[in-house]
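Everything on this sheet refers to the single structure shown next.
Throughout, a chain's letter reflects where its sequence line sits, starting with A, and its residues are numbered from 1.
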Amino acid sequence: MNNCVICGRETNSENSFCQYHKTAHDNLRGSFSEWKRRTAVDWNSYMKRLYELESLGVWVREIIEFLMSQDDSLEL
Amino acid sequence: MRSLILSRVLVISEKPTAAKRIAEALDDNGAPKEIKRGKASYFECNNGQDILLIVYALGHLFELKQTVKGWKYPRLDVEWVPKYEVVKKATQTKPIINLIKYLSKDIDYFIIATDYDIEGSLIGYLTLKYACKTDPKNAQRMVFSNLTKNELQNSYENIRPHLDFPLVDAGWFRHEIDWIYGINFTRALTLAIKNTVGWFKIISTGRVQGPTLAFVAERDQEINLHVPIPFWRILTEGKYKDQMLELEYSKKRIEIENEAISIVKSLQNAEGHVKGINKSVTTHSPPAPFNLSGLQSEAYRHFGYKPSRTLAIAQKLYLEALISYPRTNSQKIPESIDTREILTNLGKIRTYKKLTDELLGKKKLVPVQGKKTDPAHPAIHPTGNKPEKITQSERKLYDLIVRRFLSLFADKSKKESIRADIISNDHLFYLRGLRILEQGWIKFYNPYSKSDVREIPPLAENDIIDIVHIECDTRFSPPPPFYNPSSLLKVLENANLGTKATRAGIVDSLKSRGYTLNDRFELSTLGYTTFETLQQYMPLMLSSEFTRQLEEDMEAIQTKNQDRESALAHARKDLLELLNRFQEQEEEIGNALVAGLQRFWKEKQELGICPKCNEGKLIVIRSPKTGKRFVGCSNYKEKKCDQTFPLPQKGEIHPLDKKCEYCGYQMFSVVSPRRKWETCVNWTKCPGRVDEIQALEEQRTKSRQREEKSS
């Protein structure tokens with residue numbers, strides 16, 4: 001058993017994320033193609049623009065914060 | 001006609017106010033005597049040659065209790081005992097039970113005059129059996145839908161020879177399954193923690209509370225996982241003969257940004273031509289009569305009343321004989337109700353006079369009917385009695401009920417929708433208008449009717465409209481809304497969970513148990529902990545299907561298609577299987593709950609990163625010397641950081657997910673029974689909170705002065 005690196009919940013497999021943050025991560029990645037189709041945006045500006053939106057889900061926001069903290073070249 | 005003469009009759013009502021009204025209605029002179037006996041009282045009146053003694057219950061006088069002692073599970077065998085034996089606060093029930101016992105010794109026959117539904121029938125039955133010590137089969141039943149004199153006299157004249165036993169059985173079944181499921185589930189969860197780590201923390205759930213928690217959790221998850229997707233709207237302003245008009249682009253949402261930009265570019269300073277004008281006239285019937293959920297939903301929309309508050313106010317209006325029985329599912333006003341008389345009486349109230357005069361001028365009064373029915377009671381309607389001393393909130397609800405009732409008899413409203421189609425550079429725009437041609441029922445239901453009237457200038461084909469402003473506006477797909485008390489109640493009703501009498505309480509219980517954070521039904525960590533644990537180990541405890549079967553059994557008992565004992569035996573068997581499965585996994589469940597509780601408590605204590613060392617976390621600490629609480633850095637134990645902040649000493653502290661707009665420190669809310677307020681960790685020094693501190697000081701001084709005065 002591992003613990004989610006974001007919220008500390010137990011994870012069932014070797015995932016770093018719990019079921020909620022894993023789904024949030026999947027949603028974040030899955031929605032990128034739709035954003036790209038609709039507006040010219042790269043991955044980093046996609047995350048930055050999303051982060052500014054109040055309606056962004058809390059778990060997706062936490063995923064973005066985590067991904068940003070892992071990559072020094074990215075700042076929110 | 002009644003055949004017995006010179007009898008002493010005991011009439012059992014549900015509440016003191018109802019007892020008084022029944023006594024006043026049935027006494028030959030309309031002046032019954034209230035006789036006090038200890039801490040209880042009853043009414044005595046003469047009716048023909050009979051003497052009626054009218055007693056009251058206080059809702060339920062008897063409650064279920066387990067027959068085998070011990071705070072353990074499973075506990076499936078129960079018995080009825082006086083309420084004061086199991087509910088410490090219910091001390092008032094003791095003198096009432098004793099009085100009923102005393103009066104029952106010298107009685108010729110008994111009449112039940114409680115509310116006519118499953119709860120009321122059960123209250124009557126249990127009182128007969130356990131307080132009067134008489135056979136309920138020999139009692140008679142008064143059935144009424146409001147507490148007006150006429151209705152009560154009519155009910156007494158047409159008394160039913162027996163109780164409605166299917167209603168009693170359905171009420172009994174509901175009580176017993178709610179009791180055994182609620183007690184056993186809650187004990188199972190609580191003992192799972194206790195047996196695992198030795199802590200005692202009540203984790204409550206119940207037959208309907210579990211599925212309700214699941215509804216809220218699933219919605220909360222959708223919101224937390226939401227990724228907004230962009231789309232664009234074209235906002236256009238046109239000008240026609242010096243009048244500015246808001247034009248609607250024919251495509252409401254444009255998915256591709258470049259497409260939206262090119263539309264805007266191509267229409268800068270363009271002209272539009274009116275290509276056609278479409279007019280359509282629609283008629284709208286008045287809304288259906290109120291059933292309880294309809295009233296609760298409308299009262300929430302207009303006044304922000306929670307369903308439980310609406311029910312409580314409606315109950316008060318019913319006891320004041322101002323409206324009919326509110327716990328009804330019916331949306332029908334039967335022919336047996338003298339609606340002309342009600343309207344005539346409502347006309348005596350100045351506010352409604354003009355409206356009732358207009359309706360009474362009609363040859364025929366035919367109310368609009370809704371679809372839903374209830375065999376026991378009609379839709380909620382005013383009785384026509386004039387309100388005397390009622391509070392502002394009661395008056396508001398009463399007005400809503402009266403105006404809805406008046407609107408039922410009014411004509412349909414007629415509206416004309418106009419749509420002008422405007423073409424500009426091959427792009428289509430609409431200009432929409434709406435006019436009310438005939439007000440009909442809208443006038444009677446005002447101010448509660450919605451009418452989005454929009455006037456547009458008279459346009460003709462080929463008229464020219466100049467596009468003076470056009471832009472594209474970026475929008476994002478929104479998450480689904482959080483539930484509110486009204487929408488959650490609707491979900492329970494649609495899923496056929498709970499009864500009309502219990503749903504509002506179940507909705508409230510999620511917050512009182514700490515499962516939700518606020519009235520927006522945002523799930524707390526405790527809510528998630530319970531939900532996740534049950535979902536993983538005992539999903540049936542969250543299943544709507546599982547408990548819906550029990551609701552169906554209850555309905556089958558009420559319609560005599562099933563007997564109570566066999567349905568109860570089945571429910572006990574299912575529950576026992578479930579509890580056995582629970583016991584097999586008790587340790588795993590206990591560990592999961594403990595992990596969640598630790599997260600819950602930790603979150604409640606943490607107030608962000610320490611601004612001094614930027615390393616530790618600000619946590620709520622209680623001083624062992626003074627017992628007072630304050631905020632300190634988690635690094636204080638290692639003596640790495642000495643940052644502290646004072647805290648308000650009263651109320652529960654809840655960290656908020658936002659920073660102070662004045663000083664940038666973490667915000668938190670303070671919730672006490674009297675008020676809820678928000679402040680920041682730096683509240684005593686925050687430049688934006690000087691007034692707040694001053695107000696607090698003044699409040700303290702006032703309360704000190706009050707204390708000094710009283711001492």
Side-chain angles (χ1 to χ4, degrees), chain A residues 1-13 15-69 75-76, chain B residues 217-233 253-261 472 474-482 517 520 522-525 528-529 531-533 535-537 588-589 591-603 606 609 656-658:
Chain A
M1 281 281 186
N2 288 328
N3 288 87
C4 176
V5 290
I6 295 175
C7 66
R9 280 186 176 91
E10 281 185 356
T11 60
N12 288 331
S13 58
N15 276 323
S16 328
F17 300 135
C18 65
Q19 48 159 337
Y20 300 131
H21 286 106
K22 186 182 174 306
T23 314
H25 190 225
D26 294 346
N27 283 3
L28 179 70
R29 291 205 168 276
S31 301
F32 179 50
S33 56
E34 189 56 28
W35 267 71
K36 260 200 316 193
R37 187 179 78 81
R38 292 176 177 228
T39 181
V41 68
D42 61 23
W43 174 251
N44 289 347
S45 47
Y46 163 63
M47 287 209 290
K48 281 178 191 167
R49 284 186 66 184
L50 269 185
Y51 194 79
E52 284 166 12
L53 297 176
E54 260 185 44
S55 58
L56 178 69
V58 173
W59 293 331
V60 188
R61 186 178 295 280
E62 286 168 347
I63 285 286
I64 294 177
E65 282 167 359
F66 175 76
L67 295 177
M68 293 290 193
S69 71
E75 268 182 34
L76 284 172
Chain B
E218 280 154 17
R219 174 58 62 88
D220 200 83
Q221 286 173 15
E222 276 181 70
I223 295 166
N224 289 342
L225 290 167
H226 179 69
V227 178
I229 302 291
F231 64 91
W232 289 265
R233 288 190 334 160
R253 289 178 172 208
I254 294 165
E255 288 192 353
I256 312 292
E257 187 179 23
N258 282 339
E259 194 186 316
I261 292 170
C472 62
T474 312
R475 295 289 180 103
F476 297 90
S477 58
F482 281 106
L517 294 171
R520 280 200 317 167
E522 206 178 328
L523 212 62
S524 69
T525 311
Y528 263 110
T529 298
F531 170 72
E532 286 164 8
T533 311
Q535 196 184 35
Q536 188 178 352
Y537 297 101
E588 290 93 323
I589 294 173
N591 282 324
L593 288 172
V594 166
L597 276 175
Q598 281 171 330
R599 270 201 316 273
F600 173 61
W601 285 324
K602 198 174 154 204
E603 272 178 25
E606 283 183 3
I609 298 288
L656 296 170
D657 194 15
K658 57 183 177 187

Can you give me the closest heavy-atom contact between [X] and [Y], atom names plus distance?
X        : Y        : value
B:Thr474 : A:Arg49  : CG2-NH2, 4.4 Å
A:Arg38  : B:Phe231 : NH1-CB, 3.8 Å
A:Leu56  : B:Val227 : CD1-CA, 4.4 Å
A:Leu50  : B:Pro228 : CD2-CD, 3.7 Å
A:Glu34  : B:Ile229 : CG-CG2, 3.9 Å
A:Arg37  : B:Ile256 : O-CD1, 3.4 Å

About how many Å separate [atom2] of [Y] and [atom1] of [X], when rounded to the nearest 0.5 Å?
X        : Y        : atom1 : atom2 : value
A:His21  : B:Asn224 : NE2   : CG    : 8.5 Å
B:Glu222 : A:Thr23  : CD    : OG1   : 12.5 Å
A:Ile63  : B:Leu225 : CD1   : CG    : 10.0 Å
B:Glu532 : A:Gln19  : CD    : CD    : 6.0 Å

Cut-off 4.5 Å, heavy atoms of chain B, and the answer for A:Tyr46 is side chain

Whatever's closer than 4.5 Å to a heavy atom in chain B on A:Arg61 counts as neither

Practice task
Please examine the side chains of A:Ser55 and B:Pro478, heavy atoms only from C-beta on, and report whether any two atoms are closer than 4.5 Å.
Solution key: no

Between B:Phe476 and A:Trp35, what is the ring plane arrangement, given parallel below 30°, perpendicular above 60°, and tilted in between? parallel

Residues at least two apart in sequence or cross-chain that pass ring pair (Phe, Tyr, Trp, His ring centres under 6.0 Å) with A:Phe66, listed by chain then number, are A:Phe17

| said: Would the distance check show the side chain of A:Trp59 and the main-chain N or O of B:Ile223 forming a donor-acceptor pair, the cut-off being under 3.5 Å? | reply: no

